[in-house]
Amino acid sequence: MILPIHAAIRARLHEILTTTFGLAPADLPAIALELPPKRAFGDVAVPVAFELAKRLKKAPRAIAQELVAALGPIAGVTRVDAAPNGYLNFFLDRATFLRARLEGTVAPLAPSDAGKVIVEHTAINPNKAAHIGHLRNAALGDTLVRLLRFQGRPVEVQNYIDDTGVQVADVVVGFREIEGKTLADVKQLADSTRFDYTCWDLYARVGEWYEADKANLAKRGEALHAIEEGGNETAEMGAFIADRIVRCHLKTMARLNVDYDLLTWEGDILRLKFWSTTFEDLKRRKAIFLQTEGKLAGCWVMTIEDDDAPVTPEGEDDPEQREKVIVRSNGVVTYIGKDIANQFWKFGLLGMDFRYRAFTEIDGRTLFATTSDASLAPAHVPPFGKASAVYNVIDTRQAYLQKLLKQALATMGFQNEAAHSTHFAYEMVALSHATARELGYTVDPDGKPFVEVSGRKGLGVKADDLIDRLTNTAQAEVAKRNPALSADESRATAEAIAVAAVRYFLVKFTRNKVIAFDIDEALSFEGETGPYLQYAVARAGNIFGKLREREGLDEAAVTAALATADLAAINTGEDGDELWGLVLEAGRLDDVVDQAVRSLELSVVAKFAFSLAQSFSAFYHRQPILKEERRDVRLWRAAAVAYVRRQLTQALDLMGCDVPARM
RNA sequence: GCGCCCGUAGCUCAGCUGGAUAGAGCGCCGGGCUUCGAACCCGUAGGUCGGAGGUUCGAAUCCUCCCGGGCGCACCA
């Protein structure tokens, strides 16, 4: 980690700027720390002199020189240069840096905020199999969770289950009206087929069925009504389908190392009257009002605040376009209302709580779900909700509604909660023309540059199909390379490789880039891919495997031996510079994680890991360890490998990827 | 119409709060396995950073306008 050194440099600069330069603490410029473009320039670059030049009316170079003169010693820093252009370049104590990290004597910085964070992600409608689009949500959400935990923050992971909407109702309609099935039939089907796949196909057929005769849509209305009413077979079937599909999703997500603490069922929000309570609060605070005229007459609506809306031209203002329906004229709340109630609950502002039940056990850990049935309450339930910050991971198409959510908090007077209510938005996953064609869809080459995934049409790459394909491809390769492995071992390795391939693929893009998913590209294990990273770690591990086997040397022994090793190998020459560059790069992980969380740009972690693996691979080829005869050189190289391996393993873990010992 | 996002090498994309010579992967071409695993490494070719103005000592990065593309703007969720 590099952040403790950054903190020390920053603290010292602050001190000098207030004392020697006489700047008021409130006046201090933000001190940015950068990585110099070339190693020879130093290890940490600070452009603060540029910032000060305007204020002090002096040349950056002169300021930089004065700063250097005033700086004095800083722990971990051996030298500071004032570059001719005005940069302040810090050189670190290489050997001390590496040794301290291998010995584990560097304390990480305390988290800036210790309060609980709720991250909600995945939230797939429980009526069909998960597809590639859902995977982007889960991969980003789970990675965010891991990054926050890495920073030392307590995180609660929630998965919102919309069991009351039209989506589940549609599948019920499909089973009952198209296939004439009873609840018993559906249960039998669930036990004898891949139920999420079965529903995937059925859901698409229901769409066609509605399309064929609009009168069929009446059946949807009836099903929705029956589900809301409860106490009938339609409702039971809906509940059964949702439960089973959620279990399918959990299994799919578990394959990808994604898990949750709590499943929030929308039905419970309704049954426990969360909405009624929120409704009264919103009315009391005048956050919503009953529209009495126009086409929204009879609806409870919320005014949409548009801060940057241009002035509406004379006479063209349509007030109803500035209003969002929260409660329909028939008295039924829209999903936004339910979301508002849920968001209030997340911050502990509702004055009510769910009841909880144990939903399932995953790896010995209980996954809880909300319930409205008190009789299911287990003895020990963790304290859910009451977070100080909330991240809702949901694609950018929902930006408008997420904005309303935040606005509702602010309007109700919860400014602080509104400020800590974050929509983690990302762009959608579509299909490349080639992949859509491969799935059997006809593509207009002059149409859109990609094909949008549609659960309603059954158009998409199912998550498990993708993982299966990746696993099979990987297993063939693993078996070829490692004939001694048993089938089980090679399968397990192949699964780890498949997971890394998918997850790396989904986080390497910046979040506001549409991914035109291409199956052939995703299936590749070469170049900038998850398996490339795993391969680098596996090779690093191999070096230590051989060191132990041949000389009984392990990481601890190497670390201990560094105390008496000559420093030339890390401090001098081209090889020393490369070795140190590798170590310094590996050390940046904490900085990278900070940056990723601040900007919600998780791709920086992926890019960092890839770049580190690249540097390692080059180092690996250029600077052999086992063959190296100079003891001190060998020790420092081995130490660098140990540290890189550790950091790269950590980075992969942050992206939810395991590292197989052999692959 | 209004709002958000994207436009950088043949293709897919990086480029952090403006900063030191615009990078990577794939593809192309050419090298490197008597191995610490070639799922790798090294090298060549390839870019008016969509366009035009502006701010600045300095702009792919900030501002304005324009062009091209995507997505939102339901008494659906």
Nearest to side-chain heavy atoms of [X], which nucleotide of [options]:
X      : options             : result
A:S617 : B:G70, B:C41, B:A77 : B:C41
A:Y620 : B:A77, B:C75, B:G37 : B:G37
A:P449 : B:C41, B:G69, B:C36 : B:G69
A:A83  : B:A39, B:A20, B:A77 : B:A20
A:Q614 : B:G72, B:A24, B:C42 : B:A24
A:K324 : B:A77, B:A74, B:C36 : B:A74
A:Q595 : B:A39, B:G19, B:C16 : B:C16

Give a yes/no on whether any side-chain N or O of [X] is located under 4.0 angstrom from OP1 or OP2 of [N].
X      : N     : answer
A:Y532 : B:G37 : no
A:N85  : B:A20 : no
A:N512 : B:C6  : yes
A:Y335 : B:A77 : no
A:Q398 : B:C71 : no
A:R481 : B:G37 : no

Restricting to side chain to side chain donor-acceptor pair (under 3.5 Å), what partner residues turn up for A:S617, sequence neighbours left out?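 Checked A:S617 against side chain to side chain donor-acceptor pair (under 3.5 Å); matches are A:Y532.
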Checking salt bridge (Lys or Arg N to Asp or Glu O under 4.0 Å) against A:D170, which of A:K219, A:K128, A:R220 comes through?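 Looking at A:K219, A:K128, A:R220, the match for A:D170 under the salt bridge (Lys or Arg N to Asp or Glu O under 4.0 Å) is A:R220.
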Polar atom pairs between nucleotides 11-15 of chain B and protein, under 3.5 Å, N or O only, would you list them?
unit_1 : atom_1 : unit_2 : atom_2 : d
B:U12  : O2'    : A:E521 : OE2    : 3.4
B:A14  : OP1    : A:T510 : N      : 2.7
B:A14  : OP1    : A:T510 : OG1    : 2.2
B:A14  : OP2    : A:K513 : NZ     : 2.7

Base B:C5 to side chain A:T396, donor-acceptor N/O within 3.5 Å cut-off: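 Answer is no: no donor-acceptor pair is held.
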If B:C73 has a Watson-Crick or G-U wobble mate with both distances under 3.5 Å, name it; if not, just say none.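 Its partner is B:G1 (Watson-Crick or G-U wobble, both distances under 3.5 Å).
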Applying a 3.5 Å limit to both distances, which nucleotide forms a Watson-Crick or G-U wobble pair with B:G27?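 B:G27 is unpaired by these criteria.
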Would A:D339 and A:Y335 satisfy side chain to side chain contact (heavy atoms under 4.5 Å, CB included), going step by step from the backbone distance to the final call? CA-CA 6 Å; A:D339 264 9; A:Y335 95 109; 3.7 Å; yes
Assign A:M428 to base, sugar-phosphate, or nothing according to its heavy-atom contacts below 4.0 angstrom with the strands shown.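 Touches sugar-phosphate only.
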Count the heavy atoms of every other residue, nucleotide or ligand shown that sit under 6.0 Å from CD of A:E34, and state whether that count exceeds 12.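 More than 12 heavy atoms, drawn from other residues, nucleotides or ligands, come within 6.0 Å of this atom.
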Does the side-chain ring of A:Y87 sit on the six-membered ring of the B:G19 base, less than 5.5 Å centre to centre and under 30° in tilt?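 No, aromatic ring not over the base.
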Rounded distance in Å - CZ (A:F610) to P (B:C41):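 Rounded to the whole Å, the gap is 8 Å.
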Atom-pair distance (CZ on A:F616; P on B:C36), nearest Å: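 Interatomic distance, CZ of A:F616 to P of B:C36: 14 Å.
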